[in-house]
A.B. asks: 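Structure below; questions to follow.
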Amino acid sequence: MAGSVQILGTGQLLELSRRMRAAGGPRIRQNTTRRIRRAAEPLHRDLQRAITTVQLPGSGRTGRGGPSPTTRPLRATIAGAVRISVRSGASPGARVWIDRGRLPADIRNMPWVINEGRVRHPVFGNRRRWATQWARPTGWWTRTVQAGTPRMRAEVERVLGDVRRDLQ
């Protein structure tokens, strides 16, 4: 699974960045950065919504178990780690990614594990007893990115066209 979605470094963005620098337009650069960020926000929201709707059903043993050993909600924590970054310098573009630094140490790989569909973990921390849970639907990241990237790319191209017209 790719760790991020990027639209950057294309010839159009590089040429536009040079022209904005030559025009001396910090206002134009700020406006472009804001609009590129806005173009990435629908994909950002879709990814957050996708992870919060993934189901991780248990093995079905009724009458057993108890409260979670942690108080943090797993899917909401992962949704909070989905980030957007926009660059307008030498390598301009937008990136939607998961910030592993915002995740607790024990679940840093969990977004990718859930994307693959099979979550294997010790039962309440007991390393001698393991459980397997299946994420439904699988591919929350890859499917959402495949669906949202064309829209994001088209919006960035539209923004580039608008800025190019402003610079002429």
Side-chain angles (χ1 to χ4, degrees), residues 1-10 13-14 17 29-60 65-127 129-160:
M1 169 181 130
S4 65
V5 181
Q6 299 181 38
I7 297 178
L8 53 87
T10 64
L13 285 171
L14 292 172
S17 177
R29 183 177 292 126
Q30 289 172 349
N31 187 24
T32 304
T33 301
R34 186 178 82 266
R35 290 180 66 192
I36 290 174
R37 176 175 295 277
R38 265 198 224 141
E41 284 173 356
L43 179 59
H44 179 253
R45 280 192 306 269
D46 291 346
L47 285 167
Q48 288 179 324
R49 190 175 307 118
I51 188 59
T52 55
T53 59
V54 169
Q55 297 177 10
L56 285 170
S59 61
S68 172
T70 63
T71 57
R72 66 177 183 265
L74 173 68
R75 291 176 288 263
T77 303
I78 294 172
V82 177
R83 311 277 298 181
I84 299 174
S85 61
V86 177
R87 293 190 304 252
S88 61
S91 180
R95 179 178 175 211
V96 179
W97 54 290
I98 296 177
D99 185 1
R100 290 179 53 159
R102 297 185 108 205
L103 295 173
D106 59 337
I107 63 168
R108 291 233 164 101
N109 290 327
M110 195 57 70
W112 297 273
V113 171
I114 292 174
N115 188 62
E116 294 300 318
R118 181 176 179 248
V119 180
R120 186 158 165 75
H121 60 89
V123 177
F124 292 107
N126 181 356
R127 298 269 209 206
R129 180 131 174 102
W130 288 75
T132 301
Q133 291 179 275
W134 297 94
R136 293 186 201 132
T138 60
W140 70 274
W141 178 271
T142 52
R143 282 188 293 108
T144 307
V145 165
Q146 286 174 350
T149 301
R151 178 180 58 194
M152 182 175 155
R153 190 175 309 267
E155 181 65 22
V156 169
E157 287 174 7
R158 190 175 69 76
V159 168
L160 293 177

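Heavy-atom basis, side chains included; hydrogens, waters and symmetry copies ignored.
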A.B. asks: List the atom of Pro122, the atom of Arg127, and the distance in Å for their closest heavy-atom pair.
C.D. replies: CG-NH1, 3.6 Å

A.B. asks: Please report the interatomic distance CH2(Trp141) to CD1(Ile114), rounded to the nearest 0.5 Å.
C.D. replies: 13.0 Å

A.B. asks: A side-chain contact here means heavy atoms from C-beta on lying under 4.5 Å apart; do Thr144 and Arg49 qualify?
C.D. replies: no

A.B. asks: Please check if the side chain of Trp140 supplies one atom and the backbone of Pro111 the other of a donor-acceptor pair under 3.5 Å.
C.D. replies: yes

A.B. asks: Please determine whether side chain to side chain contact (heavy atoms under 4.5 Å, CB included) holds for the pair Asn31 and Arg34, giving the CA-CA distance in whole Å, both sets of side-chain angles, and the decisive distance to 0.1 Å.
C.D. replies: CA-CA 5 Å; Asn31 187 24; Arg34 186 178 82 266; 2.9 Å; yes

A.B. asks: Can you name the residues that form a salt bridge (Lys or Arg N to Asp or Glu O under 4.0 Å) with Arg158, not counting sequence neighbours?
C.D. replies: Glu155, Asp162

A.B. asks: For the OG1 atom of Thr32 and the CZ atom of Arg37, what is their distance to the nearest 0.5 Å?
C.D. replies: 13.5 Å

A.B. asks: Decide whether Thr132 and Arg120 meet the rule of one side-chain donor and one side-chain acceptor closer than 3.5 Å.
C.D. replies: yes

A.B. asks: Find the distance between CZ (Arg75) and CD1 (Ile51) and round it off to the nearest 0.5 Å.
C.D. replies: 7.5 Å

A.B. asks: Donor-acceptor pair, Gln48 side chain versus Ala79 backbone, under 3.5 Å?
C.D. replies: yes

A.B. asks: Do Arg153 and Pro150 have side-chain heavy atoms sitting under 4.5 Å apart?
C.D. replies: no

A.B. asks: What's the shortest heavy-atom distance between Gly117 and Thr138, and which atoms?
C.D. replies: CA-CG2, 3.5 Å

A.B. asks: Does Asn115 form a side chain to side chain contact (heavy atoms under 4.5 Å, CB included) with Val54? I'd like the steps, not just the answer.
C.D. replies: CA-CA 9 Å; Asn115 188 62; Val54 169; over 6 Å; no

A.B. asks: Could you grab the distance from atom NE2 of His121 to atom CH2 of Trp130, nearest 0.5 Å is fine?
C.D. replies: 9.0 Å

A.B. asks: Please find the pair of heavy atoms, one from Trp97 and one from Ser85, that lie closest to each other, and give the distance.
C.D. replies: NE1-OG, 3.4 Å

A.B. asks: May I ask you to test the Ile98-Leu103 pair for a side-chain heavy-atom distance under 4.5 Å?
C.D. replies: yes

A.B. asks: Considering residues, nucleotides and ligands other than Arg136, do more than 12 of their heavy atoms fall under 6.0 Å from its CZ?
C.D. replies: no

A.B. asks: On a heavy-atom basis, which atom in His44 and which in Ile84 lie closest, and how many Å separate them?
C.D. replies: CB-CD1, 3.5 Å

A.B. asks: Compare every heavy atom of Leu56 with every heavy atom of Gln133, then report the nearest pair and how far apart it is.
C.D. replies: NE2-O, 2.9 Å

A.B. asks: Could you tell me the separation between the OG1 atom of Thr52 and the CG atom of Leu47, rounded to the nearest 0.5 Å?
C.D. replies: 10.5 Å

A.B. asks: For the residue pair Gly148 and Leu43, what are the closest heavy atoms and their distance?
C.D. replies: CA-CD1, 3.9 Å

A.B. asks: In the structure I gave you, are the side-chain heavy atoms of Asn109 and Arg100 within less than 4.5 Å of one another anywhere?
C.D. replies: yes

A.B. asks: A side-chain contact here means heavy atoms from C-beta on lying under 4.5 Å apart; do Met110 and Val113 qualify?
C.D. replies: yes

